[in-house]
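Take a look at the structure set out below.
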Amino acid sequence: MADTSTKPAAGIKQVLVPDIGDYKGVNVIEVMVKPGDTINVDDTLLTLETDKAAMDVPSPYAGTVKELHVEIGDKVSKDTLILVLETAESAAAEPAPAEAPPPSEAPAPVAAKTAPMEPVQAAGGHASPAIRRFARELGVDIARVAGSGAKGRVTKEDVQSFVKTALASGGTGSGLQVADMPTFDFAKYGEIETVPLSRIQKISGANLHRNWVNIPHVTQFDEADITDMEEFRKQLNAEYASQNIKVTPLAFMLKAAATALQQFPKFNASLNGDSLVLKRYFHIGVAVDTPDGLVVPVLRDVDKKGVVQLAKELSEISAKARDKKITAADMQGGCFTISSLGGIGGTAFTPIINAPEVAILGVSRSAMKPVYQNGQFVPRLMLPLSVSYDHRVIDGAQAARFSTYLAQVLTDIRRLAL
Ligand code: CAO
């Protein structure tokens, strides 16, 4: 509605998607503003992506964002309403229409106002033009930033956290000063095939590397006698077979881990500067091996669920992961992670902590072993446990107590009910 007061007041402008050529239903991959933000003419509002290129949509006006009408994942076309802007007083001198301006008043085509259409890159450091510009301004090599956005895209927050980490390490002179890895011409020595890393491998690789170099890891090994647990598990499987529920040892491990986390709150914590954030919820991530790489969906409130319910959720979430249907939200909010290679084999391994968590449980394959009990060797089913922990938060004695407790709970599962 036009402003009828005598004093110069701010005007209301609707900002629409400008002419983007023949494209329709284009993906919104980045939203750079939120309600309350003050923006200038030509500030980037959105980044759109077609199957061939990414492009920024600049603001045709200056002002304050009153309403935002699009979000990441929306599909937009020319004239889709992006936002409602309260323009600055000078701009408000002209009457502000309540409805969308007719096409003749619509902002100029994107290409005229913004960086040229930029091809989407197949390599690491995939980012929109606005984020590339932001990274350039900070002197950041975008290829070195791990992307957490959709399709592994680098977001503004990724660039900011990259800079924070670089400052925290380089600023104190404690950054890793190591030589770059040399490149090799393997074809000189024989036939080769080059296979690009999957998107998941690129993201998880960067995260694993970051966690490995930033966290002082120690791994505590232990064994749990799960002879009785296995007997009970087989009994459960027979009972629930008609409901198609398969209870694997991992469901018990989840429950036992939640119980141990309740007993040892530091294992359910995150470091935040000089403080420790102790979480009162018990969400546990499970590493799932998929054809495209490793993903870690999170099971919520494990402490409040029974073993059968956990087994059901575990098979649902791992099927979802393998069908590539897992979302970013499914992988967020974890307090602790379990990486089980027990279905495959091995006697022990050293899992890498899934930051910002401070500990992770690795589970290897159970095996029958002779155990000395009451003066004789008896055959018992022994499960190898490997707990990696952040030594800045947890000391060795606590880690030994945690692992021992975990093993005790698995040995005598009645303790899960305590
Ligand atoms: N010891 C012995 N047997 C075990 C076992 C263990 N610790 N854990 C599982 N098994 C058995 C199961 O009982 C099942 O046996 P049956 O088929 O005879 O019933 C079989 O191994 C296969 O189990 P599974 O792997 O299908 O199921 P799970 O619940 O144990 O694990 C999941 C689910 C998603 C975690 C697993 O499939 C997976 O992806 N594991 C790999 C995780 C990974 O890659 N970790 C490394 C990350 S890098 O640090």
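Starting from 1, each residue takes its place in the sequence as its number. Heavy atoms only: backbone and side chains are in, while hydrogens, waters and symmetry mates are out. Atoms within a ligand are numbered from 1 in the order they appear, just like the ligands themselves.
No part of Ile352 comes within 4.0 Å of ligand 1, judged by heavy-atom distances. Here Arg233 has side-chain heavy atoms under 4.0 Å from ligand 1, and that is the only part of it that gets that close. Neither the backbone nor the side chain of Ala251 comes within contact range of ligand 1; no heavy atom lies under 4.0 Å.
For the side-chain contact (heavy atoms from CB on, under 4.5 Å) with Ser388, the qualifying choice from Ile353, Val358, Val218 is Ile353, the only one to do so. Glu313 pairs in a salt bridge (charged side-chain N to carboxylate O under 4.0 Å, His left out) with only one of the listed residues (Lys255, Arg300, Lys305, Lys304), which is Lys305.
Looking at Asp74, its side chain never comes within 3.5 Å of a backbone N or O of Val28 through a donor-acceptor pair. Proximity of a side-chain donor or acceptor of Thr87 to a complementary backbone N or O of Gly11 within less than 3.5 Å is detected. Distance alone, capped at 3.5 Å, is enough to place a donor-acceptor pair between the Asp158 side chain and the Thr155 backbone.
Crowding of Glu231 atom CD: a count of heavy atoms from other residues, nucleotides or ligands under 6.0 Å not exceeding 12.
Residue contact check: Ser339 has heavy atoms under 4.0 Å from atoms 45 (N), 46 (C), 47 (C), 49 (O) of ligand 1. The Val288 neighbourhood of ligand 1 comprises atoms 34 (C), 39 (O), with distances under 4.0 Å to a heavy atom of that residue. Those atoms of ligand 1 with a heavy atom of Leu314 less than 4.0 angstrom away are 29 (O). Residue-ligand proximity, Ser340 to ligand 1, at heavy-atom distances under 4.0 Å covers atoms 40 (N), 41 (C), 42 (C). Shown in contact with Ser366 at under 4.0 Å from a heavy atom are these atoms of ligand 1, numbered in order with element: 1 (N), 2 (C), 6 (C). Atoms of ligand 1 lying under 4.0 Å from any heavy atom of Leu383, numbered from 1 in the order shown and given with element: 7 (N). Near Leu294, meaning under 4.0 Å from any of its heavy atoms, are these atoms of ligand 1: 47 (C), 48 (S).
Using a 3.5 Å distance cut-off with no hydrogens or angles, the side chains of Ser403 and Asp222 do not pair a donor with an acceptor. The closest side-chain donor-acceptor pair between Thr227 and Asp225 falls under 3.5 angstrom. For the residue pair Asp330 and Thr327, a side-chain donor N or O sits within less than 3.5 Å of a side-chain acceptor on the partner. Judged by distance alone, the side chains of Ser366 and Glu230 never bring a donor and an acceptor atom under 3.5 Å apart.
Protein heavy atom in closest approach to atom 44 (O) of ligand 1: Asp289 CB, 3.6 Å. Given atom 14 (C) of ligand 1, the protein heavy atom at minimum distance is Lys246 NZ, 4.1 Å. The protein non-hydrogen atom at the shortest distance from atom 43 (C) of ligand 1 is Leu341 CD2, 3.6 Å. Counting protein heavy atoms only, atom 33 (C) of ligand 1 is closest to Leu250 CD2, 3.9 Å. Scanning the protein heavy atoms around atom 13 (O) of ligand 1, the nearest turns out to be Pro249 CD, 3.4 Å. Summary of contacts: the protein heavy atom closest to atom 27 (O) of ligand 1 is Thr248 CG2, 3.7 Å. For atom 9 (C) of ligand 1, the nearest protein heavy atom (residue, atom name, distance) is Gly343 N, 3.6 Å. For atom 7 (N) of ligand 1, the closest heavy atom belonging to the protein is Ser364 O, 3.0 Å.
Within the structure, ligand 1 has Arg322 among the residues with a heavy atom less than 4.0 angstrom away. In this structure, Gly362 does not count as a contact residue of ligand 1, since none of its heavy atoms falls inside 4.0 Å of the ligand. Taking a 4.0 Å cut-off on heavy atoms, Met253 fails to register as neighbouring ligand 1.
Ligand 1 has no N or O atom lying under 3.5 Å from any N or O atom of Ser318, backbone or side chain.
Protein heavy atoms come within 4.0 Å of atom 31 (O) of ligand 1.
The distance from atom CG of Asn207 to atom CD1 of Ile352, rounded to the nearest 0.5 Å, is 11.0 Å.
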Review point. Would Glu316 and Lys312 count as a salt bridge (charged side-chain N to carboxylate O under 4.0 Å, His left out) if you check the C-alpha gap in whole Å, the side-chain angles of each, and the deciding distance to 0.1 Å?
Key: CA-CA 6 Å; Glu316 283 165 2; Lys312 193 164 165 281; 3.5 Å; yes
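Looking only at side-chain heavy atoms (C-beta outward), Val302 and Phe336 stay at 4.5 Å or farther from each other.
Taking the six-membered ring where the residue is Trp, Phe264 and Phe267 present perpendicular rings, their angle passing 60° and hence far from 30°.
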